[in-house]
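Comments concern the structure below.
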Protein chains: 2
Amino acid sequence: MRADAQRNRDRIVEVARQVFREQGYDASLDLIAKQAGVGPGTLYRHFPTRDDLIDAVMQAWVHHVEETADKALAHEGGPRERLLNWFEEYVRLISVHKGGPAKITGAMGDEASPIRTKCQVLQSAGGRVLDQLRAEDAVRDDVTSLQVARLVGGVATVADASELDLEAVRPMLEVVADGLLK
Amino acid sequence: MRADAQRNRDRIVEVARQVFREQGYDASLDLIAKQAGVGPGTLYRHFPTRDDLIDAVMQAWVHHVEETADKALAHEGGPRERLLNWFEEYVRLISVHKGGPAKITGAMGDEASPIRTKCQVLQSAGGRVLDQLRAEDAVRDDVTSLQVARLVGGVATVADASELDLEAVRPMLEVVADGLLK
DNA sequence: CGACAATACGGAGACTGTCTCCGTTTAGCA
DNA sequence: TGCTAAACGGAGACAGTCTCCGTATTGTCG
């Protein structure tokens, strides 16, 4: 890629991250282009769809997911507490941008989605936590990590749409956790 | 209301119901107006926001909700089966239109939403089923009917977005049910 | 019945966001 | 330094939302 192209691409992603944070994932793309000092054509050449741009914005966030899963695995306490802790972190992770939970959870399991790699990272991070609990024979084994991601993602989606805080979300996560534990 | 106004209003609702069913809740309102043979101004005078129109479209559906809850109460089988049966019916009820689960579940508990009455009907229908199970001391009592509506609505929202069929939804509903039962 | 408010209609058009096309510019290489 | 492939960017087509206001219709009252 030519140096100027790289420069523009980086600036677009940077601006997009900020605008998405302020206005949610349905912010105007032309506005992002303008703020980045490029024409709409340039933005759309780099990112043909909104999801492609979102995917780029999420790039940095992947490491954060891995780290959070590591912490959840090392978390002290019983299985229920560890599972709940991960669920809360999961909700937090996918709720950084308004509309994020719906976007991410909707793309979960969709092989054709532009953000599929991000979903896979999330899903496998959750899978690791789940595997740990399974090794202790603490959770039922007829449920896949995809299903768990969808369940918790569903809670996060509702919380995002209804603007609930984590405190209001906790009891719902408890129900899911208790339904999952043996 | 003037007779011609009533006539137009009825026609708009009828057309909207059909278009929403075919295209989902984000169909073009101007198109609905055109198909109903009225100008956009007329549509927007009757229904200032999209949600107001959706609310009108849902009017007939209210009785169906009540009926379904009655059936669920009379359903034979143990608590788990009855609860699951209601959950499945609930998902079916709010999934008649694409985008419906998100719309309805997002408005749940929002006193200012134009579709609040519909949400209340749903919530109280679910409350009746829950109360029956509570009377049998079958479900935990630290969870409100609003929280249950959000949990199941969250599952429905994800299923709608990912185009999952009821068969794929069932295991997730089982987790929620098991987390709820004592 | 006929006229006159009051009520309702409808469509032109302003506005916003998406996305493309293509003439112009620029980077990087030879 | 000159050339070419790559990249730019903005005008503008298109679609959806929503409003304004001149026009038409309704229903009532003398």
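Residue numbers start from 1 in every chain, and the chains themselves are labelled A, B, ... in the order their sequence lines are given, proteins ahead of strands. Below, all heavy atoms of this structure are taken into account, side chains as well, without hydrogens, waters or symmetry copies. The structure presented is a predicted model; accordingly, all values stated were derived computationally and were not measured.
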Quiz item: Contact class for A/Thr42 (heavy atom, under 4.0 Å): base, sugar-phosphate, or nothing?
Solution: base
Closest non-hydrogen contact found for A/His64 with A/Leu93 is CD2-CD2, 3.5 Å
Counting the atoms with a prime plus P, OP1 and OP2 as sugar-phosphate, which does B/Ala3 contact under 4.0 Å by heavy atoms, base, sugar-phosphate, or nothing? sugar-phosphate
Q: Pick base, sugar-phosphate or nothing for B/Arg50, based on heavy-atom distances below 4.0 Å to the nucleic acid.
A: sugar-phosphate
Margin query: Does D/dC8 have its OP1 or OP2 closer than 4.0 Å to a side-chain nitrogen or oxygen of A/His46?
Written below: yes
OP1 or OP2 of C/dT16 less than 4.0 angstrom from a side-chain nitrogen or oxygen of A/Ser28, does that happen here? no
- Look at the side chain of A/Asp30 against the base of C/dC19 and say whether a donor-acceptor pair falls under 3.5 Å; ignore hydrogens and angles. yes
Review point. Can a side chain N or O of B/Arg2 be found less than 4.0 Å away from OP1 or OP2 on C/dA6?
Key: no
Quiz item: Quick check: does any side chain N or O of A/Lys98 sit under 3.5 Å from a backbone N or O of A/Arg21, one acting as donor and the other as acceptor?
Solution: no
May I ask you to say what A/Leu29 touches in the nucleic acid, namely base, sugar-phosphate or nothing, with a heavy-atom cut-off under 4.0 Å? sugar-phosphate
Separation of C/dG17 atom C1' from A/Gln35 atom CD, nearest Å, is 15 Å
**Asked** Can any side-chain N or O of B/Thr105 pair as donor or acceptor with the backbone N or O of B/Pro101 at less than 3.5 Å?
**Response** yes
note: B/Arg7, atom CZ; C/dG10, atom P; distance rounded to Å ~ 11 Å
| said: Between B/Arg128 and B/Glu66, does any side-chain N to carboxylate O distance fall below 4.0 Å? | reply: yes
When rounded to whole Å, the CZ to P distance for the pair A/Phe47 and D/dC8 reads 11 Å
note: B/Tyr44, atom OH; D/dT19, atom C1'; distance rounded to Å ~ 10 Å
Go through the steps to decide whether A/Arg82 and A/Glu136 satisfy the test side chain to side chain contact (heavy atoms under 4.5 Å, CB included), and finish with yes or no.
-> CA-CA 12 Å; A/Arg82 288 212 305 284; A/Glu136 302 170 28; 2.3 Å; yes
On the nucleotide D/dC8, are OP1 or OP2 found under 4.0 Å from the side-chain N or O atoms that A/Asn8 carries?
yes
Taken to the nearest whole Å, CD/A/Gln6 to C1'/D/dA6 is 14 Å
Note: for A/Ala27 and A/Met1 on DNA chain C, the residue whose nearest nucleotide lies more 5' is A/Ala27
